[in-house]
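Just below is one structure, and these are the notes that go with it.
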Amino acid sequence: DVKVTQSSRYLVKRTGEKVFLECVQDMDHENMFWYRQDPGLGLRLIYFSYDVKMKEKGDIPEGYSVSREKKERFSLILESASTNQTSMYLCASSLRLGQGDLSYEQYFGPGTRLTVT
Amino acid sequence: AQSVTQLGSHVSVSEGALVLLRCNYSSSVPPYLFWYVQYPNQGLQLLLKYTTGATLVKGINGFEAEFKKSETSFHLTKPSAHMSDAAEYFCAVSYPPSGGSYIPTFGRGTSLIVHP
């Protein structure tokens, strides 16, 4: 079974703090993703990475950065947390393209509910 | 750009009743379509998918969905709802490499409420 773990289930931070959200997958997937989930808005892609040290902006990258130094680990960084970044953050992984249908299936972690006060 | 619309942010059914969750997509090329389920306090997990071949696809927990190209729809159904089906359901669309972005675009989600 693919397992995607996230470092914290719940996190409370103060405005202006630098926040790190960690994600680790154990299935040797090339692709990793960070989403933000808000009620009524569904999942919105923040960043994704298709290889170590490679990253691409998603739909809402402003205020976020990412780091992928190892294949299994993908970190989301909030440089200076703000109250409008209070949300559920979901990490996902998938195989690289070229693996047929399996490349399109995403595996999600349990999420980190971040509150910024 | 690819997009997906889920009609109804909340759907309420009685236990044992038919479940119907609606999903429509916009596309100029044949899409790949997915339904994911999110149980309370958990991440999303894949319910079923359509890529090519048979348009009626079956998934886990008795769910199925039918790809209807003429209606640009991929509605999710289950003949008889169970209390354990209460969850958030997300429809997603992506494309094969020749047709567009392979990264899925998710709908806004539909919360399924099951009454005893």
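Here is how names work: the chains are called A, B, and so on, in the same order as the sequence lines, proteins then strands, and each is numbered from 1.
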* To do: Return the orientation label for the B:F74 and B:W35 ring planes: parallel under 30°, perpendicular over 60°, tilted otherwise.
  => parallel
* Any donor-acceptor N or O pair under 3.5 Å, side chains A:S87, A:D38 -> yes
* Per-residue contact mode, B:S9 against chain A (heavy atom under 4.5 angstrom) -> neither
* Of the backbone (N, CA, C, O) and the side chain (C-beta and beyond), which part of B:L46 lies under 4.5 Å from a heavy atom of chain A, both, or neither? -> side chain
* Against chain A, label B:Q38 side chain, backbone, both or neither, depending on which of its atoms sit under 4.5 Å from a heavy atom there. => side chain
* When the ring centroid of B:F67 is compared with that of B:Y50, is the distance short of 6.0 Å? -> yes
* Asked: Which residue out of B:P104, B:G107, B:A92, B:G109 racks up the most heavy-atom pairs below 4.5 Å with chain A?
  -> B:P104
* Is it the backbone or the side chain of A:L41 that comes under 4.5 Å from a heavy atom of chain B, or both, or neither? -> both
* Asked: Does the gap between the ring centers of A:F33 and A:F108 come in under 6.0 Å?
  -> no
* Structure fact -> Applying a strict 4.5 Å limit to non-hydrogen atoms, the region of A:Y89 in contact with chain B is neither
* Asked: Does anything in residues 67-81 of chain B pair up under side chain to side chain donor-acceptor pair (under 3.5 Å), and if so which pairs, sequence neighbours excluded?
  -> B:K78-B:D85
* Asked: Please, which pairs that meet side chain to side chain donor-acceptor pair (under 3.5 Å) have at least one residue in residues 52-61 of chain A, sequence neighbours excluded?
  -> A:K53-A:E69
* A:S75 and A:E22 side chains, donor-acceptor separation under 3.5 Å -> yes
* Between B:F34, B:F106, B:F90, which residue shows the highest count of heavy-atom pairs closer than 4.5 Å to chain A? -> B:F106
* Structure fact -> Applying a strict 4.5 Å limit to non-hydrogen atoms, the region of A:R44 in contact with chain B is neither
* Asked: Given a strict heavy-atom distance threshold of 4.5 Å, which part of A:Q6 is in contact with chain B: side chain, backbone, both, or neither?
  -> neither
